[in-house]
Enquirer: 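One structure coming up, written as structure tokens, with questions to follow.
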Amino acid sequence: MINKLVRSDAEAVADIHDGATVMIGGFGEAGSPIELIHRLIDLGSKNLTVVSNNTGSGNVGIAALIENRQVAKMICSFPRSTNSVVFPELYRAGEIELELVPQGTLAERIRAGGAGIPAFYTPSSVNTPLAEGKEIREFDGQAYVLEYGIKADFSLVKCHTADRYGNLTYHATARNFSPLMCTAATTTIVQAKHIVEAGEIDPEAVVTPGIFVNRVVHISDPEHESILVANGERYPR
Amino acid sequence: MNTVERKGWSRNEMAQKAAQDIPDGSYVNLGIGMPELIADHVPEDIEVVYHTENGLLGMGPVPEAGQEDIELINAGKKYVTATKGACFFHHADSFTMIRGGHLDISVLGALQVCEKGDLANWSTGKPGAIPAVGGAMDLVAGVKNVWVITDHVTKVGQFKLVNACSFPLTGKGVVDRVYTNLAVIEVTGEGLKVREMAPGITFEYLQEQTEPTLIQ
């Protein structure tokens, strides 16, 4: 019998090891799996490479993971925001590495990683500093840059509804990178607001097919990053 | 350096100029900041579908107070609504729309635009600045029409329309049209061609505020 439901968020992330590459879903706080991130902080794994669009805000979620000195390198498209303080300080001090990737290239690199495509050519970033040192090739008279797929050891994702097979649906713009990240990791770990019986999600409406998911944990009332930030909260508390 | 007097159109009037040029039925992506104002000025008798790269086609206006959904935001991470007929999708589909040439118009802000249509809008390249690119390089690479909306010069009077961009490029030869507080300017094979000037602005003044030679 297939049952991907695990009992606790701590158990779900327990084997994330030092040096792992971890993809974290979310665009800003929408779709950010804050409970899974906080359990990764509890676990304390170090020297992580984190793939996520942003670097978090305030002193919770991804920002707290960075502040806890667990992240050696960020691969992202937009490492600052209104309330982003942790990453900029460490970056200016030379204490965290940044690989800046155009947002569409980041999405496609993750998609390629999950789809068994090692590399691809894209027009984005040609003639800019982000294409320097990379292979450029012309197709039909237009220049394209070679970009490589990204795979991860773990992906951490938040979804709206899941079943025991790991079939997932998302809510609104919380979907963003998560369906791609589910495909690109050896172990995909999901926190779900709702767990339903197999068959209750309309097969036509499944966004992430369960084959891409390894573990699902039920977090019925997730915390909201913006509210924690507004309240000046930190993690660990 | 001292700040200079800002002449010509207000930010809302600039947004109105751009809004009037959007054809009925267009799929449009509006960048963060001044481009977002354009949506407030699109005539009611035309239908425009707004794309936001974080996964929504059919973005509607800001929700009423108390009606915000924390997981329904735009690329600027502000709360928005979804229109009737809207759809959500993941990032690979979103950038398929962008890079694959499916969107009609992208409107972006700018640090500098050169006379050949090169755009610099993501980094001043200064030491200590945190580089952040987001979706700008994908938008300029793939969207059919790329428009820039920006003040004509910087707050301290430096050229933004330049012979060659000194800041790191977002894309080369990508801008089609520029809306500033002083004028609407087309990027053509021959150079920057003035389509319209704000009331009270002379061509001579406009040229003084612009590094490359303008075409009248």
Side-chain angles (χ1 to χ4, degrees), chain A residues 27-32 53-55 57 76-82 84 87-88 91-92 98 100-108 110-112 114-115 122-131 142-144 158 160 170-181 207-208 224-227, chain B residues 32 52-56 59 68-82 86-101 118-123 125 127-142 165 167-174:
Chain A
F27 183 94
E29 77 170 312
S32 184
N53 190 59
N54 306 104
T55 56
S57 60
C76 70
S77 91
F78 211 86
R80 57 178 155 82
S81 65
T82 332
S84 160
F87 178 86
Y91 179 73
R92 288 195 187 100
L98 169 66
L100 188 71
V101 183
Q103 200 174 130
T105 300
L106 182 62
E108 194 63 14
I110 298 166
R111 197 197 69 81
T122 175
S124 306
S125 89
V126 169
N127 291 310
T128 79
L130 298 190
Q142 199 191 331
Y144 297 81
K158 178 186 181 184
H160 185 261
Y170 300 85
H171 174 65
T173 55
R175 185 181 307 195
N176 56 70
F177 288 88
S178 296
L180 313 171
M181 290 177 170
V207 177
T208 292
H224 294 301
E225 186 179 292
S226 58
I227 294 170
Chain B
I32 299 167
T52 180
E53 58 264 35
N54 55 316
L56 167 60
M59 178 174 64
E68 299 90 352
D69 177 343
I70 270 176
E71 295 191 323
L72 182 43
I73 59 173
N74 67 11
K77 305 190 176 79
K78 292 184 187 137
Y79 299 125
V80 294
T81 48
C87 52
F88 297 114
F89 35 82
H90 60 60
H91 255 76
D93 279 351
S94 185
F95 282 82
T96 291
M97 296 175 197
I98 291 171
R99 212 190 299 100
D118 299 356
L119 172 66
N121 83 339
W122 66 282
S123 169
I130 306 297
V133 65
M137 289 185 181
D138 307 283
L139 286 160
V140 301
C165 296
F167 295 135
L169 289 189
T170 309
K172 198 175 174 72
V174 293

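To find a chain, count down the sequence lines: A is the first, B the second, and so on, and within it residues start at 1.
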Enquirer: Test B:Phe95 against A:Thr122 for side-chain contact (heavy atoms from CB on, under 4.5 Å), laying out the working first.
Expert: CA-CA 11 Å; B:Phe95 282 82; A:Thr122 175; over 6 Å; no
Enquirer: Could you tell me which portion of A:Val101 (side chain, backbone, both or neither) has an atom closer than 4.5 angstrom to a non-hydrogen atom of chain B?
Expert: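 For A:Val101, backbone heavy atoms alone lie under 4.5 Å from chain B.
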Enquirer: Select one option (side chain, backbone, both, neither) describing which atoms of A:Phe177 are under 4.5 Å from chain B's heavy atoms.
Expert: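 Both backbone and side chain.
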Enquirer: Identify the two heavy atoms, one from B:Ile73 and one from A:Ala30, that lie closest to each other, and give their separation to 0.1 Å.
Expert: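 Heavy atoms of B:Ile73 and A:Ala30 come nearest at CD1-CB, 3.8 Å.
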Enquirer: With no hydrogens and no angle check, is any side-chain donor or acceptor of B:Asn54 less than 3.5 Å from a backbone partner on A:Phe27?
Expert: no
Enquirer: For the candidates A:Gly31, A:Pro88, A:Gly104, A:Ala131, which exhibits the highest count of non-hydrogen atom pairs separated by less than 4.5 Å from chain B?
Expert: A:Gly104
Enquirer: Mind listing the closest non-hydrogen atom pair of A:Ala172 and B:Glu71 along with its distance?
Expert: CB-O, 3.2 Å
Enquirer: We want to know whether A:His171 and B:Asp69 form a side-chain donor-acceptor pair, criterion being a heavy-atom distance below 3.5 angstrom.
Expert: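 Yes.
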Enquirer: Under a 4.5 Å heavy-atom cut-off, does chain A meet the side chain of B:Thr170, its backbone, both or neither?
Expert: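 Only the backbone of B:Thr170 comes within 4.5 Å of chain A.
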Enquirer: If you look at every heavy atom in B:Gly171 and A:Thr128, which pair is closest and at what distance?
Expert: N-CG2, 4.1 Å
Enquirer: Going from NE2 on B:His91 to CZ on A:Arg111, what distance comes out if it is rounded to the nearest 0.5 angstrom?
Expert: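 Here the interatomic distance stands at 14.5 Å.
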Enquirer: Would you say the side chain of B:Pro131 lies within less than 4.5 Å of the side chain of A:Leu98, judging by non-hydrogen atoms?
Expert: yes
Enquirer: How many angstroms lie between atom CH2 of B:Trp122 and atom OG of A:Ser125, to the nearest 0.5 angstrom?
Expert: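 B:Trp122 atom CH2 to A:Ser125 atom OG measures 9.5 Å (nearest 0.5 Å).
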Enquirer: Below 4.5 Å from any heavy atom of chain B, which atoms of A:Ser226 appear? Answer side chain, backbone, both or neither.
Expert: side chain
Enquirer: Count the heavy-atom pairs under 4.5 Å between each of B:Ile98, B:Ile70, B:Leu169 and chain A, then report the option with the highest count.
Expert: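 Highest number of heavy-atom pairs under 4.5 Å: B:Ile70.
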Enquirer: So, A:Ser124 side chain and B:Ala141 main chain: donor-acceptor pair closer than 3.5 Å or not?
Expert: no
Enquirer: Check whether B:Ala129 gets within reach of chain A through its side chain, its backbone, both or neither, counting any heavy atom under 4.5 Å.
Expert: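 The backbone, not the side chain.
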Enquirer: Could you look at A:Thr105 and say if it's the side chain, the backbone, both or neither that has a heavy atom under 4.5 Å from chain B?
Expert: both
Enquirer: I'd like to know which of A:Cys76, A:Gly28, A:Ala107, A:Pro79 tops the heavy-atom pair count under 4.5 Å against chain B.
Expert: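 The answer is A:Pro79.
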Enquirer: Is A:Leu106 in contact with chain B via its backbone, its side chain, both, or neither, using a 4.5 Å heavy-atom distance?
Expert: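 Nothing of A:Leu106, per the 4.5 Å heavy-atom cut-off to chain B.
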Enquirer: With rounding to the nearest 0.5 angstrom, report the CD to CG distance, B:Glu53 to A:Asn176.
Expert: 11.5 Å
Enquirer: Heavy-atom pairs under 4.5 Å with chain A: which of B:Ala120, B:Gly128, B:Pro168, B:Gly55 has the most?
Expert: B:Gly128
Enquirer: Given heavy-atom pairs under 4.5 angstrom as the criterion, report whether the side chain, backbone, both or neither of B:Phe167 touches chain A.
Expert: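 Answer is neither: B:Phe167 stays 4.5 Å or more from chain A.
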Enquirer: Heavy-atom pairs under 4.5 Å with chain A: which of B:Gly76, B:Gly134, B:Gly135 has the most?
Expert: B:Gly134
Enquirer: Distance from A:Arg175 atom CZ to B:Asp93 atom CG, nearest 0.5 Å?
Expert: 8.5 Å
Enquirer: Report the option among A:Asn53, A:Leu130, A:Val126 that has the most heavy-atom pairs separated by less than 4.5 Å from atoms of chain B.
Expert: A:Leu130
Enquirer: Does any heavy atom of chain B fall under 4.5 Å from the side chain of A:Phe87, the backbone, both, or neither of them?
Expert: side chain
Enquirer: Counting only heavy atoms closer than 4.5 Å, note whether A:Ile110 contacts chain B via side chain, backbone, both or neither.
Expert: neither
Enquirer: Highest number of heavy-atom pairs under 4.5 Å with chain B: which of A:Pro102, A:Ala174, A:Pro179?
Expert: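 Most heavy-atom pairs within the cutoff with chain B belong to A:Pro102.
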Enquirer: Which atoms of B:Ala92 come close to chain A, meaning under 4.5 Å heavy atom to heavy atom: side chain ones, backbone ones, both, or neither?
Expert: both
Enquirer: Find out whether B:His90 and A:Ser178 are in side-chain contact, i.e. whether some heavy atom of one side chain is under 4.5 Å from a heavy atom of the other.
Expert: no
Enquirer: Could you check which of A:Glu225, A:Glu108, A:His224 has the highest count of heavy-atom pairs closer than 4.5 Å to chain B?
Expert: A:His224
